[in-house]
Number of protein chains: 2
Amino acid sequence: MARAATTTDAFNAIAEPRRRQILNVLARGERPVNDLVHELDLAQPQVSKHLRVLREVGAVEVRGDGRRRVYRLNGEALRPIHDWVKDFEQTWSERFDQLDAVLEDLKKEEDDGQ
Amino acid sequence: MARAATTTDAFNAIAEPRRRQILNVLARGERPVNDLVHELDLAQPQVSKHLRVLREVGAVEVRGDGRRRVYRLNGEALRPIHDWVKDFEQTWSERFDQLDAVLEDLKKEEDDGQ
DNA sequence: TTGACATATTCCGATATAGGAATATATTTG
DNA sequence: CAAATATATTCCTATATCGGAATATGTCAA
């Protein structure tokens, strides 16, 4: 068996850095293909191919505008990634260290009370 | 050119669902390989191979314990993913909708004041 | 030392990529 | 209709995967 297709889910789609770049640009507003080509300094066919992958996993949507195709972000498709990774945040965030400190204090007060 | 190696970075490493599962288990505490084999119902060689990938991107660390090797999570390695994806949260989170509503109200009050 | 147990590595084969180049498919304009 | 513009698709090739099976490495115990 080979690696899962890039179009399998958002996790696979965003493994490619260019596709993350494309999403970053689209986060600032919708763009026709040619704008992306210039903003990212990529060849047009590659941009179209990356957009296809992103469209297949639902991360972008298209709208026709004359001879252009305007792409826009659909952030909702990235939600599973956010949901998965956010549970790991406590292993590095100092917010959780501070919460630990508070809980520690509460425990100590309780013990003193006994 | 082929797809980037799975060991290139955390984004590529976690594209594989089994590796996410492994990290999920390790988030509850360190585990020797065999525990993972049984908790995830995977063949031992595959678990070892996935652990190697995770180790190469820094997502896990090992500790020897007799003839066992105990793996533990290093969540810090997932931080780039969290940081990248969190900027997209506002496109779906209702927290941001509520913030928008507040800003709208403030703007209205300001306009009434003029 | 010889097993037994735990883990890692190697070899295999099918498959899917990513970029480059060329080309196909709209759509607008003269 | 023809030329120009914008985008999508196809063909090519090198490369890296994943699972399964077999095997190698390492460590403990009698």
Side-chain angles (χ1 to χ4, degrees), chain A residues 1-23 25-26 29-73, chain B residues 1-23 25-26 29-73:
Chain A
M1 199 182 272
R3 213 201 295 202
T6 54
T7 52
T8 299
D9 56 33
F11 287 96
N12 280 278
I14 66 143
E16 164 64 47
R18 314 299 193 134
R19 285 195 283 267
R20 290 199 299 278
Q21 286 179 21
I22 288 176
L23 294 178
V25 172
L26 294 182
E30 58 175 25
R31 295 273 192 291
V33 177
N34 207 255
D35 281 22
L36 292 168
V37 168
H38 290 102
E39 285 199 58
L40 300 176
D41 197 38
L42 278 176
Q44 178 268 314
Q46 329 301 334
V47 172
S48 283
K49 282 186 276 190
H50 284 312
L51 285 169
R52 190 170 188 348
V53 172
L54 291 172
R55 191 155 46 78
E56 289 196 36
V57 300
V60 301
E61 284 162 357
V62 217
R63 167 171 69 82
D65 172 34
R67 50 185 150 184
R68 314 211 199 136
R69 313 256 302 168
V70 180
Y71 283 81
R72 66 177 169 284
L73 176 69
Chain B
M1 199 182 272
R3 214 198 297 200
T6 53
T7 52
T8 300
D9 55 34
F11 287 96
N12 279 278
I14 66 142
E16 166 63 48
R18 313 297 193 135
R19 285 195 285 266
R20 291 200 298 279
Q21 285 179 20
I22 289 177
L23 294 178
V25 173
L26 293 183
E30 58 175 24
R31 295 275 192 290
V33 178
N34 207 254
D35 282 22
L36 292 169
V37 167
H38 289 102
E39 285 201 56
L40 300 176
D41 197 39
L42 278 176
Q44 177 269 313
Q46 330 300 335
V47 172
S48 284
K49 282 186 276 189
H50 284 313
L51 284 170
R52 189 166 182 1
V53 172
L54 291 172
R55 192 155 45 79
E56 290 197 37
V57 300
V60 301
E61 286 161 356
V62 217
R63 169 171 69 83
D65 172 33
R67 49 185 150 185
R68 315 214 197 130
R69 314 254 305 166
V70 181
Y71 283 82
R72 65 176 169 285
L73 175 70

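Only this structure's heavy atoms are used, side chains among them; waters, hydrogens and symmetry mates stay out. Note that this is a predicted model, so its numbers are computed, not measured. Chain naming here is simple, since letters A, B, ... match the order of the sequence lines and numbering starts at 1 in each.
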Considering heavy-atom distances to DNA chain D, does A:Pro32 or B:Gly66 have its closest nucleotide positioned more toward the 5' end?
-> A:Pro32
Of A:Val62 and B:Ala5, whose closest DNA chain D nucleotide lies nearer the 5' terminus?
-> A:Val62
Can a cation-pi geometry be assigned to B:Arg20 and A:Phe11, taking NZ or CZ under 6.0 Å from the six-membered ring centre and within 45° of the ring axis?
->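 Checked: cation-pi criterion met.
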Return the 5'-most residue of the pair B:Val70, A:Arg18 with respect to DNA chain C, ranking by each residue's nearest nucleotide.
->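 It is B:Val70 whose nearest nucleotide is closer to the 5' end.
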Most 5' of A:Ala4 and A:Leu42 on DNA chain C, judged by nearest nucleotide |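 Comparing both residues, the 5'-ward one is A:Ala4.
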So what does [X] touch, heavy atoms closer than 4.0 Å: a base, only the sugar-phosphate, or nothing?
| X | value |
| --- | --- |
| B:Pro45 | base |
| B:Thr6 | sugar-phosphate |
| A:Arg55 | nothing |

Quick one: [X] [atom1] to [N] [atom2], roughly how many Å, whole number?
| X | N | atom1 | atom2 | value |
| --- | --- | --- | --- | --- |
| A:Gln44 | D:dA4 | CD | C1' | 15 Å |
| B:Asn12 | D:dA16 | CG | P | 12 Å |
| B:His50 | C:dT9 | NE2 | C1' | 15 Å |
| A:His38 | D:dT7 | NE2 | P | 10 Å |
| A:Leu40 | C:dG19 | CG | C1' | 15 Å |
| B:Leu54 | D:dT17 | CG | P | 13 Å |
| B:Asp9 | D:dA16 | CG | C1' | 15 Å |
| A:Leu51 | D:dT7 | CG | C1' | 10 Å |

Given A:Arg31, which of A:Ile22, A:Val60, A:Val25 fulfils the side-chain contact (heavy atoms from CB on, under 4.5 Å) condition?
->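 Only one of A:Ile22, A:Val60, A:Val25 forms a side-chain contact (heavy atoms from CB on, under 4.5 Å) with A:Arg31, namely A:Val25.
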Among [options], which nucleotide has an atom closest to any side-chain atom of [X]?
| X | options | value |
| --- | --- | --- |
| B:Ser48 | C:dA8, D:dT7, C:dA21 | C:dA8 |
| B:Arg69 | D:dT15, C:dT7, D:dG19 | C:dT7 |
| A:Arg67 | C:dT9, C:dA16, D:dA4 | D:dA4 |
| B:Ala2 | D:dA21, C:dT17, C:dG20 | C:dT17 |
| B:Tyr71 | C:dA8, D:dA8, C:dT28 | C:dA8 |
| A:Arg68 | D:dA22, C:dT17, D:dA6 | D:dA6 |
| B:Val33 | C:dG19, C:dT10, C:dT7 | C:dT7 |

Answer with yes or no whether the side chains of A:His50 and A:Arg18 bring together a donor and an acceptor at under 3.5 Å.
-> no
Hey, what do you get for CG (A:Leu73) to CD (A:Glu61), rounding to the nearest 0.5 Å?
->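 With rounding to 0.5 Å, CG (A:Leu73) is 9.0 Å from CD (A:Glu61).
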Is the phosphate of D:dT5, meaning OP1 or OP2, less than 4.0 Å from a side-chain N or O of A:Asn34?
->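 Answer no for this pair, as no side-chain N or O of A:Asn34 is under 4.0 Å from OP1 or OP2.
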Step-by-step side chain to side chain contact (heavy atoms under 4.5 Å, CB included) determination, A:Arg55 to A:Val62 = CA-CA 8 Å; A:Arg55 191 155 46 78; A:Val62 217; 3.1 Å; yes
Are the side chain of A:Asp9 and the backbone N or O of A:Asn12 linked by a donor-acceptor pair below 3.5 Å?
->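 Yes; judged by distance alone, with no hydrogens or angles, the pair exists.
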